[in-house]
Amino acid sequence: MTLVAGIDSSTQSCKVVLVDADSGAVVATGRADHPDGTEVDPRAWWDALQQAGDGLLERAAAVAVGGQQHGMVVLDDAGEVVRPALLWNDTRSAGAARDLTAELGGPAAWAEAVGLVPVASFTVTKLRWLARHEPDNAARVEQVMLPHDYLSWQLAGRPNEAVTDRGDASGTGYWSAATNEYRPDLLELGFGRTIGVPRVAAPAEVTGSTASGAAIAPGTGDNMGAALGLTLEPGDVVVSLGTSGTAFAVSEAPVADRTGTVAGFADATGRHLPLVATLNAARVLTAAATLLGTDLAGLDRLALEADSGAGGLVLLPYLDGERTPDLPDATGSLVNLTRAAMTPRNLARAAVEGMLCGLADGVDALAAQGVSVRRVLLIGGAAKSAAVRAVAAEVFGTPVVVPAPGEYVALGAARQAAWALSGAATPPAWPLDVETTVDAGAGTGVREAYAAARQRLHG
Ligand SMILES: Nc1ncnc2c1ncn2[C@@H]1O[C@H](COP(=O)(O)OP(=O)(O)O)[C@@H](O)[C@H]1O
Ligand SMILES: O=C(CO)[C@@H](O)[C@H](O)COP(=O)(O)O
């Protein structure tokens, strides 16, 4: 049996799956936590990868890394980390995003150039922040890479040339998914000078080998990894509920949304991955559970006991600021409190509904860009919640498919590794097992109440 390994180095943890390259069956898994915070020393991810992959990576004939997108990893001329990486959910570069948008001539100019409009998540804004706020650190920077690029480079023994892929490169703000080219002018606009960037490999290229001799595939961003790990059909939209909430679909054509709501990313197969991301997803539920003095199972029970609409309560869940809508300095709000409504059940329900309404707006934004939405595939840590599944079917208004429990980012990376190893024109056909499908729920006014509250508080 030929084994391949897939890695998901995401915000909260590193997960490794060892998979039979022919069937896609998972034969072993590993996991290690990442440090908390919105800036993290990339060496901590490398440590976590070695821990999670211990006893697994050596058994693989090929390996690939899926990683959290956008994080700014800056290295000096000796390949050493200059400062901790600023992550996708670090909002300190919101001002830089506004400046960069204006400097290029506005949102439409950015959408046209690289398929996205700067917000604090994107790498180019973090480089601008670094250049303006830490000039001594900035002066030492020789090259910039993304979290998955850094780990692939470490796995390859830190070669002279670092490698990335279309998917992750498309989230930097200085690479265009429409033209498949870097935009050195935009990198320079952001950072003030030219620095090294990884080479963008072909989707199934073997880019190097590990110390134990495994072939290294290009890897990709975590959302692109998930798209590859799920066998998507036309009309499928994926909603991932991890630290971030994302809604995305594979498309043949590039997307350039000048409102900035949909980011025109590339996927990991040579196509495109229009995507909407929120900063507040699974952790809204953990915060709500803490507030209610319960755990996630308790929150789930309470939310399912409440009526749809939470007695009128609406949570705008901008607990870590927000990216979509673009409100980096926002905080959360709980509105429509009355004595009757203010029960633990309604609070739990409002947390689930608020988290999902932001993603439902994201699915609508994808549809507005021409994405066909026939069903939603729900993945990520919070997709385990029964309340989330039930509310999702209601607010999305489509059937909600919950794939069998699995680490779909890591599986997608493994599938890419198997593809690179095979030398075939297309990825291996691995089946997608479904745990359950929840029928579309009837509209109950939840989204309207959410939209009204958002309009009232944030315009
Ligand atoms: N049963 C559950 N209900 C709600 N949230 C859950 C459940 N199980 C795990 N989670 C949450 O899922 C999150 C981790 O999901 P994951 O997709 O691995 O995130 P990331 O990829 O961002 O690291 C954690 O915040 C965890 O609390
Ligand atoms: O910023 C984005 C997508 O644009 C996030 O989706 C990150 O890629 C982090 O993912 P998770 O750790 O939440 O999976």
Side-chain angles (χ1 to χ4, degrees), residues 7-15 31-36 38 40 45 48 52 66-72 86-91 115-116 119-123 125-126 146-148 167-168 170-173 220-227 229 238-248 260-266 273-290 294-301 303-304 319-320 322-324 348 351-352 355-356 359 362 378-389 391-392 402 405-410 412:
I7 295 158
D8 174 11
S9 176
S10 60
T11 313
Q12 296 188 51
S13 64
C14 181
K15 303 140 205 169
R31 188 187 180 286
D33 281 334
H34 283 162
D36 203 3
T38 63
V40 172
W45 299 329
Q68 55 174 307
Q69 294 182 245
H70 316 304
M72 179 192 69
L86 297 184
L87 306 196
W88 62 277
N89 55 353
D90 188 292
T91 54
L116 47 85
V119 288
S121 290
F122 300 141
T123 326
T125 72
K126 299 175 190 302
L146 297 166
H148 112 259
D168 226 1
S170 66
T172 57
T220 193
D222 55 1
N223 292 293
M224 296 79 195
V238 181
V239 170
S240 169
L241 301 169
T243 314
S244 64
T246 56
F248 55 88
T261 305
V262 178
F265 296 151
L273 198 85
L275 178 147
V276 178
T278 67
L279 293 191
N280 297 285
R283 282 166 162 173
V284 173
L285 305 187
T286 38
T290 304
T294 185
D295 55 13
L296 288 171
L299 185 87
D300 227 31
R301 262 194 314 277
L304 287 169
L319 308 186
D320 289 315
E322 192 44 276
R323 163 167 159 191
T324 315
V352 176
M355 173 189 75
L356 286 168
L359 271 313
L378 206 58
I379 61 164
K384 293 181 195 130
S385 150
V388 165
R389 295 172 181 189
V391 173
V402 184
E407 294 298 342
Y408 286 94
V409 176

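Heavy-atom basis, side chains included; hydrogens, waters and symmetry copies ignored. Read the numbers this way: they start at 1 and go in the same order the structure lists the ligands and their atoms.
The shortest heavy-atom distance from Glu407 to ligand 1 is not under 4.0 Å.
Within the 4.0 Å heavy-atom criterion, neither part of Gln12 lies near ligand 2. By the criterion of a heavy-atom distance under 4.0 Å, both the backbone and the side chain of Thr243 are placed next to ligand 2. Both the backbone and the side chain of Ser244 come within 4.0 Å of ligand 2, judged by heavy-atom distances. Residue contacts with ligand 2, taken as heavy atom pairs separated by less than 4.0 Å, involve Leu275 solely via side-chain atoms from C-beta onward. Using a 4.0 Å cut-off between heavy atoms, Arg323 contacts ligand 2 through its side chain alone, with no backbone atom that close. Of the heavy atoms in Val409, none comes closer than 4.0 Å to ligand 2.
When hydrogens are left out, the protein atom nearest atom 12 (O) of ligand 2 is Thr11 OG1, 2.5 Å; that is the closest non-hydrogen contact. Closest to atom 1 (N) of ligand 1 among all protein heavy atoms lies Lys384 CB, 3.6 Å. The protein heavy-atom contact nearest to atom 8 (O) of ligand 2 is Asp222 OD1, 2.7 Å. Given atom 17 (O) of ligand 1, the protein heavy atom at minimum distance is Gly381 N, 3.0 Å.
Classification of the Trp45-His34 ring pair by plane angle, with boundaries at 30° and 60°, yields tilted.
Counting the atoms of ligand 1 from 1 in the order shown, those under 4.0 Å from a heavy atom of Lys15 are 16 (P), 18 (O), 21 (O). Atoms of ligand 1 found under 4.0 Å from any heavy atom of Gly380, numbered from 1 in the order shown, are 17 (O). Interface of Ser10 with ligand 1, defined as ligand atoms under 4.0 Å from a residue heavy atom, comprises 20 (P), 21 (O), 23 (O). Of all atoms in ligand 2, numbered sequentially from 1 with element shown, those under 4.0 Å from a heavy atom of Asn223 are 3 (C), 5 (C), 6 (O), 8 (O). For ligand 1 and Thr286, the ligand atoms under 4.0 Å from any heavy atom of the residue are 27 (O). Heavy-atom contacts of Ser10 reach the following atoms of ligand 2: 12 (O) (cutoff under 4.0 Å). Every atom of ligand 1 with a heavy atom of Ser385 under 4.0 Å away is listed here by number and element: 3 (N). Numbered from 1 in the order shown, with element, the atoms of ligand 2 that lie under 4.0 Å from a heavy atom of His70 read 1 (O), 2 (C), 3 (C), 4 (O).
At under 3.5 Å, a nitrogen or oxygen of Gln12, whether backbone or side chain, sits near a nitrogen or oxygen of ligand 1. Considering backbone and side-chain N/O of Leu296, none are found under 3.5 Å from N/O of ligand 1. Geometrically, ligand 1 and Thr243 share a nitrogen or oxygen pair separated by less than 3.5 Å.
Leu241 places none of its side-chain heavy atoms less than 4.5 Å from the side chain of Ile379. Side-chain contact check for Glu322 versus Asn280: some heavy-atom pair is nearer than 4.5 Å. Within the 4.5 Å cutoff, the side chain of Phe248 has no heavy atoms near those of the Val276 side chain. Considering only heavy atoms from C-beta on, Leu319 stays 4.5 Å or farther from Arg283 through its side chain.
Within a 4.0 Å radius of atom 9 (C) of ligand 1, the protein has at least one heavy atom.
With His70 contributing its side chain and Thr123 its backbone, the two residues share no donor-acceptor pair below 3.5 Å.
Shortest non-hydrogen contact noted between Pro147 and Gly71 is CD-O, 3.3 Å. Contact between Ser170 and Ala266 at its shortest, heavy atoms only, is OG-N, 2.9 Å. Residue Ala382 comes nearest to Ala282 through the heavy atom pair CB-CB, 4.0 Å, listed as atom of the first residue, atom of the second, then distance. In plain terms, the two heavy atoms of Met224 and Gln69 that are nearest each other are CE-NE2, 3.4 Å.
With hydrogens and angles left out, the side-chain atoms of Gln12 and Thr243 include a donor and acceptor closer than 3.5 Å. Looking only at atom types and distance, the side chain of Trp88 has a donor-acceptor partner in the side chain of Thr11 under 3.5 Å away. One side chain, Asn223 or Thr246, offers a donor N or O that lies under 3.5 Å from an acceptor on the other.
The option from Cys14, Ala287, Ala282, Ala382 that lies nearest to atom 13 (C) of ligand 1, judged by heavy atoms, is Ala282.
Salt bridge status for Lys15 with Asp222: absent, with no side-chain N to carboxylate O gap under 4.0 Å.
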